[in-house]
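Below you'll find the structure, written out as structure tokens, and then a few comments.
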2 protein chains.
Amino acid sequence: MATETEENYIKAIFKITEKNQGAANTNAIAKHLNTSAASVTDMLRRLSEKEYFHYEKYKGVYLTTKGIQMATQLVRKHRLWEAFLVDKLGFQWDEVHDIAEQLEHVDSDELIARLDKFLGNPKYDPHGDPIPNAEGKFTLRSQISLLNLKKSEEGTVVGVRNNDTLFLQYLNKLCINLGTRIKIISENDFDHSKEILIDGEIQTVLSQKACNNLYVKKTIL
Amino acid sequence: MATETEENYIKAIFKITEKNQGAANTNAIAKHLNTSAASVTDMLRRLSEKEYFHYEKYKGVYLTTKGIQMATQLVRKHRLWEAFLVDKLGFQWDEVHDIAEQLEHVDSDELIARLDKFLGNPKYDPHGDPIPNAEGKFTLRSQISLLNLKKSEEGTVVGVRNNDTLFLQYLNKLCINLGTRIKIISENDFDHSKEILIDGEIQTVLSQKACNNLYVKKTIL
DNA sequence: AGATATTTTTAGACTAATCTAAAATTTAAT
DNA sequence: ATTAAATTTTAGATTAGTCTAAAAATATCT
């Protein structure tokens with residue numbers, strides 16, 4: 001089991017990398033945890049032995065699969081507790097963060113499974129943020145166009161911007177339907193076209209215009 | 001705010017003095033907290049500056065009013081969480097202690113007030129132990145579970161904890177009803193079962209689970 | 001009362017997490 | 001391409017909580 005401090009470091013790194021798209025640097029983590037850069041370096045050096053993340057001196061840090069799993073479960077716990085505090089105890093949505101911050105460190109899988117069920121397996125917390133399931137999967141609520149999906153990210157098709165027949169026929173030919181999984185293999189900076197993988201099988205290229213027309217729910221993990 | 005460790009020391013001292021009627025000694029605290037006597041001495045010396053208790057070398061320790069208040073609030077929090085885990089999340093009464101042990105350290109008076117209300121201001125936890133109110137007062141039980149009846153003590157059945165059909169049928173078979181007198185003949189330290197005498201006639205053995213489920217009014221002898 | 005056993009405390013050391021100040025490295029700018 | 005600025009790391013210290021082994025105090029038993 002990880003200590004509370006360790007869990008907070010993992011969560012901070014997760015949040016920073018989620019936002020910044022790239023390694024989390026020492027100063028950002030220090031600011032996030034309200035501690036000194038020296039402390040962070042120290043902690044990263046010791047914690048990196050536990051393989052939650054990759055750490056290279058002066059190069060910042062990014063989570064391993066193990067680290068991402070841990071962070072996702074923490075997010076799940078945090079958001080379930082927030083849902084409990086608002087839905088059951090009648091707190092306002094802006095009063096619950098600090099309490100959930102404490103509750104999320106309580107260690108019991110059984111507790112979280114039962115809490116989830118008690119709340120009716122909610123998909124979103126009181127802030128509208130998605131609650132990961134026990135396996136760590138969750139979809140972003142707001143659908144985004146494929147334009148906003150970055151390299152190596154994945155999403156599920158949920159719709160199109162407009163029902164242009166030609167576009168729908170085009171999608172058909174590519175075997176892209178509602179529910180189809182799409183992964184971004186690479187992005188072309190010149191014309192903003194994207195190389196994509198359809199349902200883990202077919203590989204093709206979509207133009208910027210096509211990407212803009214296609215809505216997906218982003219898959220985390 | 002006290003650290004989690006500090007809170008655990010206060011609670012241990014409270015429980016020991018509650019039982020032993022007198023100062024809590026070093027060894028007892030060490031055993032209770034599963035730590036060494038040396039660590040306890042060390043902790044007592046440092047903690048006594050915070051005026052939660054009086055400490056004199058070699059003489060043991062007893063709580064001040066401040067310490068008793070703190071301990072009582074911890075007990076309140078612990079028992080409210082246990083009630084939540086059993087009544088709302090469907091845990092068994094014997095599964096909740098370790099989880100409540102973690103939850104009780106979450107720091108928010110507002111949270112506890114709302115939890116209390118949400119549970120319907122319960123007077124007793126799932127083990128039949130009384131829950132102190134926000135001011136630290138709690139009602140003495142006139143009814144206690146058979147668990148708390150010691151060897152050679154006697155009581156009259158006044159109720160059951162929950163109306164589990166199987167349990168009621170079981171009681172029926174043993175000729176145990178409201179008003180039945182029960183005397184404890186012996187206690188088994190291994191599995192906490194008790195040998196009992198029913199209405200001065202029938203002798204049998206009740207498991208810990210059965211004892212916990214059966215409420216009696218203790219007969220003053 | 002004196003010897004023995006038990007309990008408690010001290011001494012010294014360890015780990016996790018933190019700090020400040022100084023040194024090293026990377027990034028940005030002229 | 002140097003220099004300046006920002007970032008990151010090291011060095012050395014601190015605090016809370018813990019440990020073992022040894023010393024000191026108290027309790028127990030003839």
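All chains are named by letter (A, B, ...) in the order of the sequence lines, taking the proteins before the strands, and each is independently numbered beginning at 1.
Taking only side-chain nitrogens and oxygens, B:Asn27 never comes nearer than 4.0 Å to OP1 or OP2 of C:dT6. Residue B:Asn25 has a polar side-chain atom (N or O) positioned under 4.0 Å from OP1 or OP2 of C:dT8. At least one side-chain nitrogen or oxygen of B:Thr3 sits closer than 4.0 Å to the OP1 or OP2 atom of D:dG17.
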Nucleotide N/O to protein N/O under 3.5 Å, stretch nucleotides 9-13 of chain C:
residue	atom	partner	partner atom	Å
C:dT9	OP1	B:Tyr55	OH	2.6
C:dT9	OP1	B:Tyr58	N	2.8
C:dT9	OP2	B:Thr26	OG1	2.9
C:dT9	OP2	B:Thr41	OG1	2.8
C:dT9	O4'	B:Tyr58	OH	3.4
C:dT10	OP1	B:Lys57	NZ	2.6

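Note: NZ (B:Lys31) to P (C:dT7) measures 9 Å, nearest angstrom.
Taking only side-chain atoms of B:Tyr9, from C-beta outward, the nucleotide of C:dC19, D:dT18, C:dA17 with the closest atom is D:dT18.
In this structure a side-chain-to-backbone donor-acceptor pair under 3.5 Å is present from B:Lys194 to B:Leu149. Put simply, the side chain of B:Asp125 gets close to the backbone of B:Asp129: a donor and an acceptor are under 3.5 Å apart.
Applying the salt bridge (charged side-chain N to carboxylate O under 4.0 Å, His left out) criterion to B:Glu18, with sequence neighbours excluded, gives no partner residue. Residues that satisfy the side chain to side chain contact (heavy atoms under 4.5 Å, CB included) test with A:Thr5, not counting sequence neighbours, are A:Thr3, A:Tyr9, A:Met43.
The closest side-chain donor-acceptor pair between A:Glu154 and A:Thr219, if any, does not fall under 3.5 angstrom. For the 3.5 Å distance criterion, the side chains of A:Asn8 and A:His105 qualify, holding a donor opposite an acceptor.
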